[in-house]
Amino acid sequence: MAAEKKTVAKKGETKKTTTTAAKKTVKKSSATTAKKPATSKTVKAKERERVFISEADQYLFGQGIHYDIYKKLGAHLSCENGVEGVFFGVWAPNASAVYVIGDFNNWDESATPLTKLGPGGIHTVFVPNAKENDYYKYLIYTSSGDKLYKTDPFGNYQELRPGTASRIVDLEKFTWDDATWMKEREGMDPNHSPLAIYECHIGSWMRHPQPEEKGFYNYREFADRIVEYLKEMRYSHIELMGIAEYPFDGSWGYQVTGYYAPTSRYGTPDDFMYLVNKLHQNGIGIILDWVPAHFATDAHGLGKFDGQCIFEHPDPRKGEHPDWGTKIFNYEKTEVRDFLIANVLFWIRQFHIDGIRVDAVASMLYLDYGKKDGQWCPNKYGGNENLDAIEFFKHLNSVVRGTYPGFLTIAEESTAWPKITGDVNDNGLGFSFKWNMGWMHDFCEYMKLDPYFRKDNHYALTFAMSYNESENYILPLSHDEVVHLKCSMVEKMPGYKVDKYANLRCGYAFMFGHCGKKLLFMGQDFGQEREWSEERELDWNLLAEDLNRGMHDYVRELLGIYRDYKCLYEFDNSWAGFEWINCDDKDRSTYSFIRKSSDGKKSLLFIINMTPMTWEGYKLGVPTSKKLKLILNSDDVRFQGKGEPVKEELRPKKENCDYRDYAITLDVPAFSALVYEF
């Protein structure tokens, strides 16, 4: 068993990083010496409740509706007859025998057998001398006599990779100080609220200069630095990649082995709670990437857990992704659905998470996703829809959003599947939002074009508004768009370097003016020039460069306008909040539109010129006789633009233009976005 057990090296004390000009922009707080919240809520033996699994627990789990099953299965500090210890519970219906091995029994493979409770296949044992921080695994004897060493599927803490043992931990001792945030979240209406998301990968956001553990910031250090950055930039939420435990860094957390454990790469579960608590105290929400579509095939994980396929579908045509080399959950099985739905509730209740971004939804909805003929089988009606996955999503969103109305469920769905955000009672899937992958594709393809050819692709940028009312959308410029030789956002842009930045400033203005909530991947807000890699931190040193500092200031200004003007978020899925002025000016590759609020106050006019030509005497219609005041000019010298003269105020004249009764005339600088308030 020695080969199965890996030890965790003790971490040395980390130092603050103050070496680059870029990192100075994210001030180094006293993360390594900051006082920890009171987390020593010691529970005496006589006060700790006894954990056990009743017949009712077994029945509800078998029916797929035991939403607190994570409190029973796994490893839980317990007390029996006045003696403290740990209660272990594991689902292994096909096992001939199950043992728990760990520090508490010197990894003796025969010392601690579990008892099978009933036909449902749950095995349990109470171990008196087991304690917090002990490492453990399940030794499972299959029906054919093979021995399997498995990580706990419901374990809350895992050994640092490459180790694969689970670790006993108490999740109840942390003291939360986010009651105000949690209360306000209950009454939040996401559709009519600002949602500006910063997508982030902790391990490559910023690092220590020393090589220890690749220089990763731990959760607490990251919390103190990221909160300052998010507040400065005025993001409303952060979306974290790769938090549920996973073995391979290069998977970015999308091939999971520990669905109930925050990755130990960055610290303990308490450390992760500190991060969430700190974000909430500063008015910032947290969204986690969640991966119910597939899981890793590593031997210690969920695959053939008791010698047979209990988490994955046994038919490889339904249970395997040939391109990804992963296993697909069996959504037909009630226990599997319960495992996944309870998992979301676990993150909400134990870690106060505010939302999930559900990865690879399309791969779940279509039986033939990424598969060739012969690699998939149709449903009972002969179609390619995964009927069980459809019902799973309806069940998930009904339970989660029905219980926590302010909680966000976001679908990364890349097809035109109808009613992703539709009401479950109207045959919708019930998600809060859907990533608008079509908009993202059209936007990126258009922005890459030489300006000469943009007139022939003009309607790529207007098309998304033709279907905007069909879903509640988020406009994402995510990590997927800046990896695998796709170039960073700024390097997608055509022209000389100064033109690339001017182009991107125009693009961001179009994005923030367009209907839909907003998401930017880290680094895009200051013009990261290299593609993203999980193996290095962002190029914060670029903030010492004029163009990057200008981009950073510009995006901060955009985010501030977005948060301050309700016309930009109040009506995102309705024409009540958006009005084209001129969407047909393809010869000049110029777009103009209005964002409107319910009270008619502080509306905004966007004028965006996607060419290197200045349009002098540009005339367009407006729906008001009141003067318009310039609030943003992407060509301003403070953003490293050329600073061509622009009218600060516009006074409409009584004149028919663009089917409006009033008109304005102005000069529109090359590669510029102008925003006027009226």
Side-chain angles (χ1 to χ4, degrees), residues 178-198 230 234-239 276 279-288 290 344-345 347-349 352-358 393-394 396-413 419-426 428-436 465 467-476 511-519 559-579 595-604:
D178 65 345
T180 299
W181 170 272
M182 298 298 286
K183 182 66 177 176
E184 290 177 351
R185 192 185 76 183
E186 291 178 13
M188 186 181 77
D189 180 358
N191 283 324
H192 302 291
S193 302
L195 191 61
I197 303 168
Y198 185 75
L230 297 173
R234 298 198 65 187
Y235 289 99
S236 66
H237 289 70
I238 184 171
E239 178 184 317
V276 178
L279 288 165
H280 286 176
Q281 288 175 324
N282 286 274
I284 301 165
I286 177 170
I287 300 166
L288 297 188
W290 188 60
V344 176
L345 295 170
W347 288 104
I348 296 172
R349 294 166 179 168
H352 294 199
I353 298 304
D354 303 298
I356 52 171
R357 198 277 307 203
V358 184
F393 282 133
K394 291 180 179 180
L396 169 73
N397 284 309
S398 295
V399 171
V400 173
R401 296 189 62 203
T403 308
Y404 300 96
F407 187 82
L408 305 175
T409 60
I410 302 165
E412 185 218 12
E413 204 284 318
K419 297 183 178 180
I420 295 289
T421 59
D423 193 309
V424 169
N425 295 320
D426 189 30
L429 298 187
F431 283 92
S432 310
F433 294 101
K434 171 183 173 174
W435 272 18
N436 195 336
M465 281 307 301
Y467 59 83
N468 182 66
E469 291 180 290
S470 63
E471 303 280 4
N472 301 324
Y473 285 116
I474 290 174
L475 307 183
M511 173 187 183
F512 275 80
H514 197 283
C515 284
K517 310 305 182 186
K518 321 301 176 189
L519 179 143
L559 284 161
I561 291 171
Y562 175 72
R563 297 290 297 273
D564 291 341
Y565 286 80
K566 69 177 182 179
C567 65
L568 293 176
Y569 58 77
E570 188 179 23
F571 297 116
D572 268 322
N573 62 349
S574 164
W575 286 101
F578 185 96
E579 179 183 332
R595 292 305 303 271
K596 302 177 289 186
S597 59
S598 57
D599 58 13
K601 298 178 180 178
K602 297 183 73 173
S603 296
L604 295 178

Q | Pair Lys602 + Asp564, salt bridge at N-O below 4.0 Å | A |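 Asp564 and Lys602: not salt-bridged.
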(Q) With side chain to side chain contact (heavy atoms under 4.5 Å, CB included) as the criterion, how do Ile197 and Tyr235 come out once you've worked through the C-alpha distance, each side chain's angles and the decisive distance to 0.1 Å? (A) CA-CA 6 Å; Ile197 303 168; Tyr235 289 99; over 6 Å; no
Please check: side-chain N/O of [X] versus main-chain N/O of [Y], any donor-acceptor pairing under 3.5 Å?
X: Asp426; Y: Gly428; value: no
X: Asn436; Y: Ile474; value: no
X: Lys517; Y: Ser193; value: yes

Interatomic distance, [X] atom [atom1] to [Y] atom [atom2] [nearest 0.5 angstrom]:
X: Phe407; Y: Met188; atom1: CZ; atom2: CE; result: 10.5 Å
X: Asn191; Y: Ser574; atom1: CG; atom2: OG; result: 11.0 Å
X: Ser398; Y: Asp423; atom1: OG; atom2: CG; result: 8.5 Å
X: Leu568; Y: Phe578; atom1: CG; atom2: CZ; result: 11.0 Å
X: Ile287; Y: Ile353; atom1: CD1; atom2: CD1; result: 10.0 Å
X: Met182; Y: Asp178; atom1: CE; atom2: CG; result: 5.5 Å

What are the two closest heavy atoms between [X] and [Y], and how far apart are they?
X: Cys515; Y: Lys518; result: C-NZ, 4.3 Å
X: Asp599; Y: Lys601; result: OD1-N, 2.9 Å
X: Asp572; Y: Gly516; result: OD1-N, 2.9 Å
X: Ile238; Y: Ile284; result: N-CG2, 4.2 Å
X: Glu413; Y: Lys434; result: OE1-NZ, 3.0 Å
X: Leu408; Y: His237; result: CD1-NE2, 4.3 Å

Is any side-chain heavy atom of [X] closer than 4.5 Å to a side-chain heavy atom of [Y]?
X: Trp435; Y: Leu519; answer: yes
X: Leu279; Y: Leu230; answer: yes
X: Asp354; Y: Trp181; answer: yes
X: His192; Y: Phe571; answer: yes
X: Leu195; Y: Tyr569; answer: no
X: Ser603; Y: Arg595; answer: no
X: Ile410; Y: Ile356; answer: no
X: Phe393; Y: Val358; answer: yes

Q: Fit a plane to each ring of Phe512 and Tyr562, take the angle between them on a 0 to 90° scale, and name the class: parallel (under 30°), tilted (30 to 60°) or perpendicular (over 60°).
A: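 Geometry flag for Tyr562 against Phe512: perpendicular rings.
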Q. Residues two or more places apart in sequence or in another chain: which of them pass salt bridge (charged side-chain N to carboxylate O under 4.0 Å, His left out) with Arg357?
A.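 For Arg357 the salt bridge (charged side-chain N to carboxylate O under 4.0 Å, His left out) partners, ignoring immediate neighbours, are Glu239, Asp289, Asp359, Glu412.
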Q. Under 3.5 Å, is there a donor-acceptor pair between the Ser432 and Arg401 side chains?
A.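 Arg401 and Ser432 do have a side-chain donor-acceptor pair below 3.5 Å.
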Q: Go through the steps for Glu471 and Thr421 under the test side-chain hydrogen bond (donor to acceptor under 3.5 Å, both in side chains), then give the verdict.
A: CA-CA 6 Å; Glu471 303 280 4; Thr421 59; 2.5 Å; yes
(Q) Are Tyr467 and Tyr473, when compared by the centres of their aromatic rings, separated by less than 6.0 Å? (A)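 They qualify: ring centres under 6.0 Å apart.
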Q. Checking side-chain hydrogen bond (donor to acceptor under 3.5 Å, both in side chains) for the pair Ser598/Glu570: CA distance, chi angles, key distance, verdict?
A. CA-CA 8 Å; Ser598 57; Glu570 188 179 23; 2.7 Å; yes
